[in-house]
Every structure is written in C-alpha cells, then in structure tokens.
Amino acid sequence: MAAESVGQGLQQVALSTAFDVHFPALEVVLPLVAAPLCFLFRSRAFARILSAAVAWLTFGVALVLLQKVLAEGTVRYPLGGWAAPYGIEYRVTVAGAWVILVVSLVAALTLLFDSRGSASRLAPERRYLYYSAFLLCLAGLLGMAITGDLFNIFVFLEISSLSSYALIALGRDRRALMASYSYLIMGTIGGGFFMIGVGLLYQMTGTLNVEDMAQRLPAVLDTRTVLVGFAFLLVGLSIKLAVFPLHQWLPNAYTFAPPRVSAFLAGTATKVSYYVMAEVVFVLFGAHFVFTEIGLGAVLMPLSVAAMFVGSLAAIYQADLRRLLAYSSIGQLGYMTLGLSLANVEGLTSGLVHVFNHGVTKSGLFLVVACVGYRTGRTTVRSMAGLGTRMPATSLAFVIGGMSLIGVPGTAGFVSKWELIRGALAAERLWLAAVVLVSSLLAVVYVWRVVEMIYFGRPEGLESLGRDGEPVREAPFSMLLPTLILVAATVVFGLWSDPTLSVARSAAVELLGGAGG
Amino acid sequence: MSLLEALLVQRGLWVYWAIITLMMIGLYGVIARDHLVKKVMGLNVFQSSAILLYVAIGKVRGGTAAILLEGEENVLYSNPLPHVLMLTAIVVGIATTALALALTVRIQEAYGTLEEDELARLRVREDEEEAALDPHPFDPPGEPEDVEYPEVKVGGGAGGAGV
C-alpha cells in the first residue's frame with residue numbers, strides 16, 4: 001500500500017506538465033534559496049534587488065495559489081513525490097493561501113521601502129546579511145502556512161523565529177539586544193512546547209500529517225496524553241501569537257527592531273501563528289472537542305477581552321510611537337483570538353479577515369513611523385508635533401491607518417469589527433459586542449493623541465529641525481510609495497470589502513467543516 | 001491511578017518522569033537565574049528534555065535498529081522516525097544556543113554586564129531618559145513648556161557599533 005501511494009504521488013507530479021503544479025513548493029523554495037544567494041554574493045545591491053524580486057514573485061505565486069484553491073479546493077503537493085501520510089505534504093487550504101498572500105504582500109511592500117529606512121546596526125558592506133535573514137524569515141512564515149505536516153510546521157516556525165531574533169537584534173538602539181534576547185527565550189520555550197505537543201500526539205496516533213492525525217485522533221481523544229499534547233501545542237502557539245498574559249516579548253521587540261523589520265513582523269509573524277492555531281483547534285481536534293468538551297472558550301474569551309483592554313490602555317500611555325503601535329497590536333490580536341474563541345463562522349471570518357486588514361494597517365503605520373523617524377530622527381509621539389504641514393502625506397497616512405485601528409466605517413478595521421460583532425450576536429453574547437465597541441473607544445484615545453500632536457502640536461526647539469539639521473520635510477518618494485500603498489489598501493478594502501470577506505468566509509467555513517469533532 | 005502508583009508500578013514510565021524532571025530543571029534555570037548565559041544553558045537543558053521525549057517515544061522494548069537484514073525475518077525494530085526528527089531538532093537547538101550566546105556577547109559589549117537585575121536598572125534609566133523627551137502623554141500640545149531637551153542621540157547605540 002505504501003509503495004502504491006508513493007507511486008501515485010510520483011505519477012501525479014510527473015504527469016502534470018503544467019508548471020503551476022509546483023507552485024506550493026516554489027512559494028517556500030524561492031526565498032529559501034535566495035537567502036544563501038544573498039549571503040554568497042556578498043553584495044548589498046544584489047541582495048536588495050534579489051530579495052525584493054523574490055518577495056514580489058512569492059506574492060504572485062500566492063495570488064495564483066489562492067485563485068486555484070478557491071476554484072478547485074485544497075491544493076496538495078507531495079514533496080519529492082512521496083505521498084502523504086508517508087511523505088511531507090504541502091497542503092494549501094483557502095485559509096493558508098489567504099495567510100501567505102498577506103505575508104508575501106507585506107514582505108514585498110516592506111522590501112520596496114527605501115533601504116535607508118532599515119537603519120540597522122550593520123556596517124554598509126555587511127548589509128547583505130540583513131536581506132539573508134529577512135528572506136529566511138519570509139520562507140519560514142510562508143512554510144508554516146503551506147505545510148500539512150506538524151513537525152514541518154515546527155521546523156518552519158523555528159526558521160522564521162531564529163531569523164527574526166537576528167533581525168530584531170540589528171536595531172540601532174542597544175535595547176534592541178535585550179528585546180531580541182527576551183524574545184529568543186520566550187520564543188524558544190514556545191517552540192519547544194509546540195514540539196513536545198507534536199511528540200505526544202505522534203505517540204498516540206503514529207502520524208505527523210495534519211489530516212491523517214485528525215482522522216486518527218477521535219479514537220484516543222479521551223486519553224490524558226492527547227489532552228496534555230493539546231495543551232502544549234496551544235500554550236506554545238499562544239506565546240508566538242502573544243495571547244494576553246504571554247505577550248511580554250512583543251512590545252520591546254517591535255519597538256527596537258529596525259523600522260522595516262518592525263513593519264514586516266507586525267504584519268505577518270503573529271498572523272501566521274494565528275492560522276496555525278486555527279488549524280490545530282478546528283482541523284486537528286475539531287470545534288466540538290475543543291469548545292464543547294474542554295471548554296477552551298471559557299479561557300480564551302476572557303483572555304482576548306483582557307488583551308483588548310490591556311493592550312489599548314497601555315498604548316494610551318506610551319511616549320514612543322512604535323511602542324504605542326506594538327501595544328495596540330496586542331489589543332488587535334485580542335480581537336482575532338476573540339473571533340476564534342466564538343467558534344462560529346462569523347467570528348472566525350472576522351479573525352481571518354483581520355489577518356489581512358490588521359496586517360496591512362499595522363505594517364503601513366510602522367512604515368509611517370519609519371518615515372517620521374527618518375526625517376525627524378526620533379519616533380516619540382511628540383516628534384510628530386506639527387508634521388501636518390511639514391509631512392502632509394505621511395501625516396494623512398497615519399490618520400487613515402489610525403482610523404482603521406479604531407474601526408471607523410470606510411476603513412478595513414471596520415469590516416473585521418463589524419463581522420466580529422455579528423459573530424458575538426450569532427453566539428448570543430450581547431455583552432461581547434458591547435465590549436468590542438467600548439474597547440474601540442480606547443483606540444480612539446491613543447490614535448487621537450497622535451493626530452492631535454500632528455495637526456495641533458507646535459514643534460519646540462530641537463524638534464523643528466530634522467535629523468540632518470535641516471527643516472523637516474516630506475519623506476522621500478521611495479519611502480512614501482509602499483507606505484501609501486498599504487494605507488490605501490486599508491481604505492480600498494474597507495469600502496470594497498466583498499473580495500476580502502468572501503475569501504475569509506470560505507476559509508472559515510472550510511476550517512469549521514474540518515475533520516474531527 | 002495515583003501518581004505514586006504510576007511511578008512505581010508501571011516501570012516503563014520512569015523515563016517520562018526523568019524527562020519531566022529535566023524539563024523542570026531547564027525551565028527553572030531560565031526563570032530563576034540572573035545571569036544571561038545561565039539562562040541560555042537552562043534553555044538548552046529544556047530543549048534536550050524534549051529531544052529525549054521523542055527518543056523515548058521511538059523506543060520499542062527489545063527492538064533493534066531499523067536495518068533490514070537478509071534472512072532475518074520477524075525482527076522487532078525500534079521506530080526510527082523520531083530519531084530522524086530529532087536530528088532536525090538538535091540542529092535547531094544548536095542554532096538557538098549559538099544565536100543566544102552571540103546575543104549575550106553583544107549585550108556584554110553594549111552594557112558591560114550580563115546580570116539581569118543590573119541590565120533592568122540600566123534599561124529603566126534609558127526608558128526614563130527617553131520619556132523625559134516626551135514628558136506626559138496628556139500634556140496639552142502646543143503650549144510652550146520650559147522643558148530643557150537633552151541631547152538627542154540619533155539611533156546610535158552606545159558601544160559595539162557595527163560589529
């Protein structure tokens with residue numbers, strides 16, 4: 001039987017002459033191969049062009065994959081022709097294709113951002129290392145969403161984590177080193193927990209393929225080993241996802257990382273972990289087991305609500321813009337996990353559509369801060385004083401991005417919040433809908449603080465002069481372009497939400513209809 | 001079944017107790033030690049316990065290495081898959097440790113210490129200096145204040161630049 005299925009797998013690959021059969025593998029292989037190339041050629045210019053080209057290629061491939069998945073259903077790719085469950089299978093689901101689309105889009109746009117914005121600690125002649133690490137991180141994140149093998153997820157998780165520790169440590173401020181160190185400790189424990197969880201489940205089922213395991217798990221669901229394995233998986237992923245009490249690593253990491261890295265990680269890293277968590281909860285174990293039998297909702301829901309309030313409240317009191325945005329991310333992740341904990345189609349749809357909406361918004365905002373930092377030399381809220389007239393486009397970008405964080409109608413943030421409230425009502429939890437609305441008011445406070453500073457603040461003394469000693473002026477076009485594209489996307493997909501919502505909804509339906517239960 | 005029974009009666013389980021003990025030693029090291037290098041070592045112990053867990057899963061009592069020999073049938077094999085997986089996990093562990101130690105070298109260069117409490121003190125001071133640039137979030141903007149702005153250090157981290 002083994003030989004037969006292996007043969008089938010080989011045939012499947014060999015017979016198909018169309019090149020796009022290999023797209024699932026290509027999506028991961030492209031950045032994975034480009035990373036050592038950047039290292040080998042030791043040229044900054046080459047690395048810059050190659051990494052940007054690769055990021056756009058992965059975005060193109062992701063688009064094709066998403067269309068294919070929507071048209072034909074799950075795309076499977078037996079790696080090396082070894083059919084599942086014996087070989088590693090790349091399995092692109094609607095949700096997975098959706099996540100890789102967001103990741104590759106954010107990567108492509110942040111790499112388009114002027115490299116002067118990277119402000120890393122590396123000497124110019126060693127900058128190619130930055131691109132190597134960036135591409136490895138991209139490969140890891142894409143791989144996590146594409147692979148259908150649990151241990152493979154762990155490997156990609158570690159690839160993306162290790163390269164992101166290195167990237168964060170490149171920040172100019174020496175506090176970046178400590179930020180990276182604490183993220184490394186937390187992240188490694190998270191990764192280790194995930195690995196232990198996978199090991200315990202493997203012990204009970206004898207397989208590592210997600211779908212195969214989902215079929216075998218119901219027979220052993222009531223054993224303690226499986227319960228413990230599930231707990232390890234969930235806690236490990238929660239660390240990576242920065243679920244409320246495990247979020248401590250996030251603010252410093254995003255604050256002190258080089259600006260482009262913050263923008264990239266804020267838009268992608270936690271989103272991929274969110275997808276993996278959704279896959280573990282809904283596909284592997286099934287909503288019935290997780291929410292009805294264990295009652296995870298009773299834990300995840302209060303934690304999400306706490307994250308919404310703690311994150312937003314902390315954001316209000318931050319003096320540094322990047323830290324303000326990082327705390328706001330914790331709050332926004334709360335909305336996403338809240339959607340997951342509702343375990344209905346609307347809730348999960350809001351979580352998945354927020355992967356895109358928040359990814360685009362937050363990356364755009366971090367790029368805005370990078371523009372401000374490039375011109376003024378500082379990234380405090382006060383450094384924004386009076387920028388409304390000096391950097392009009394950048395300021396407008398912040399206002400629009402901020403409105404999306406609040407969830408003002410017409411922006412992308414509104415779409416996800418609307419869906420989340422619908423989910424809360426569908427679950428007959430009126431108070432949750434109220435809580436979502438009240439927490440949005442907190443976002444109004446921290447966004448307004450900055451907006452007030454931009455348009456009504458008067459720059460004093462040092463602040464009127466920019467980083468180069470000249471009056472502050474608009475950021476260069478090469479920085480503005482990707483920033484404005486991201487911010488424009490929040491408006492476009494806020495007004496025209498059909499495509500994003502319909503993809504997210506079919507992804508949610510697919511996840512909820514998963515095996516198990 | 002009580003825990004004691006589990007420990008004493010089912011003798012096959014002792015290995016899991018050993019693994020859990022090792023794991024707790026590792027986690028304790030990460031949490032309780034003040035020195036950054038010792039934390040990394042704790043992390044290493046924690047990872048090793050996970051590796052041992054997999055190896056224990058693959059072991060079949062009386063089983064031998066999974067090599068197919070001619071003429072010998074009905075041989076009991078240990079499961080080779082967890083061992084193969086652990087090759088990857090060991091590489092990940094080494095990469096993590098190496099990266100963490102490289103970071104501690106950089107932290108030592110930048111701060112001159114690896115003691116966590118001392119680093120925390122230095123960091124609080126840095127945060128305060130930064131906050132002095134932006135006195136209070138709710139100060140009315142636009143009103144001139146008599147705030148003496150300290151020298152702005154533009155990004156340039158003290159020490160160890162461009163290593």
Side-chain angles (χ1 to χ4, degrees), chain A residues 119 121-124 126 151 154-155 158-159 161-162 165-166 169 171-178 180-181 184-185 187-189 191-193 195-196 198-200 202-203 206 208 252 316-320 373 377-378 380-383 385-386 446 449 452-453 456-458 460-463 467, chain B residues 23 26-27 30 36 39-40 43 46-47 49-51 53-54 57 79 81-82 85 88-89 92-93 95-96 99-100 102-104 106-107 109-111 119-120 123 126-127 130-131 133-139 141-145 147-149 152-163:
Chain A
R121 189 186 265 262
L122 287 168
R126 303 182 64 151
F151 198 80
F154 163 73
V155 173
E158 287 294 347
I159 290 176
S161 306
L162 283 167
Y165 308 145
R172 283 255 176 94
D173 196 302
R174 66 175 177 172
R175 281 171 288 181
L177 297 171
M178 276 311 285
S180 171
Y181 183 89
L184 185 145
I185 298 283
T188 307
I189 291 176
F193 274 23
M195 185 175 114
I196 293 169
V198 172
L200 292 171
Y202 173 72
Q203 186 174 22
L208 287 168
N252 279 334
I316 291 174
Y317 286 93
Q318 296 311 314
D320 190 286
R378 282 168 49 200
T380 52
V381 173
R382 192 161 281 265
S383 67
Y446 65 73
R449 241 186 83 209
E452 191 184 25
M453 192 58 86
F456 304 109
R458 207 185 318 154
E460 292 294 327
L462 262 176
E463 286 158 60
R467 197 174 58 117
Chain B
M23 192 172 146
L27 280 179
V30 175
L36 295 195
K39 276 181 187 291
V40 175
L43 206 60
F46 166 70
Q47 283 183 321
S49 76
I51 290 170
L53 172 74
Y54 271 75
I57 289 170
N79 185 354
L81 183 68
L85 297 179
T88 316
V92 167
T96 312
L99 185 61
L103 272 177
T104 53
R106 296 281 303 278
I107 291 170
E109 282 171 358
Y111 287 93
L119 283 166
R123 246 166 58 203
E126 269 176 314
D127 284 342
E130 197 177 67
L133 292 171
D134 197 48
H136 192 276
F138 291 116
D139 274 350
E143 308 244 328
E145 290 163 54
V147 178
E148 196 73 32
Y149 287 111
V152 185
K153 44 174 201 270
V154 182
V163 178

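Order of the sequence lines fixes the chain letters, A, B, ..., with proteins taken first and strands second; residue numbering starts at 1 for each chain.
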B:Leu85 side chain near A:Val198 side chain, heavy-atom distance below 4.5 Å: no
Grab the two heavy atoms, one from B:Arg106 and one from A:Leu177, that are nearest each other, plus how far apart they are. O-CD1, 3.5 Å
A:Phe151 vs B:Thr88, side chain to side chain contact (heavy atoms under 4.5 Å, CB included): CA-CA, chis, key distance, verdict: CA-CA 10 Å; A:Phe151 198 80; B:Thr88 316; 4.1 Å; yes
To the nearest 0.5 angstrom, please state how far the CD1 atom of B:Ile107 sits from the OG atom of A:Ser180. 7.5 Å
For B:Thr96, is there any backbone N or O sitting under 3.5 Å from a side-chain donor or acceptor partner on A:Tyr165? no
Sort A:Glu158 into side chain, backbone, both or neither according to what part of it lies under 4.5 angstrom from a heavy atom of chain B. side chain
Could you state the interatomic distance from CE (A:Met178) to OG1 (B:Thr104), rounded to the nearest 0.5 Å? 10.5 Å
Report yes or no: does A:Tyr181 contribute a side-chain atom to a donor-acceptor pair with the main-chain N or O of B:Leu36 at less than 3.5 Å? yes
Evaluation steps, side chain to side chain contact (heavy atoms under 4.5 Å, CB included), between B:Val30 and A:Thr188: CA-CA 11 Å; B:Val30 175; A:Thr188 307; over 6 Å; no
When the 4.5 angstrom heavy-atom criterion is applied to A:Tyr202 and chain B, the contacting part is side chain
Please classify the contact of B:Leu43 with chain A as side chain, backbone, both or neither, using a heavy-atom distance under 4.5 Å. side chain
Which atom pair, heavy atoms only, marks the closest approach of B:Leu103 to A:Ala169? CD2-CB, 3.5 Å
What's the shortest heavy-atom distance between B:Ala110 and A:Arg174, and which atoms? O-NH1, 2.7 Å
To the nearest 0.5 Å, what is the distance between CD1 (A:Ile196) and CE (B:Met23)? 4.0 Å
Name the region of B:Leu119, side chain, backbone, both or neither, that has any atom closer than 4.5 Å to a heavy atom of chain A. side chain
Can you tell me which portion of A:Ile189 sits under 4.5 Å from chain B's heavy atoms? Options are side chain, backbone, both or neither. both
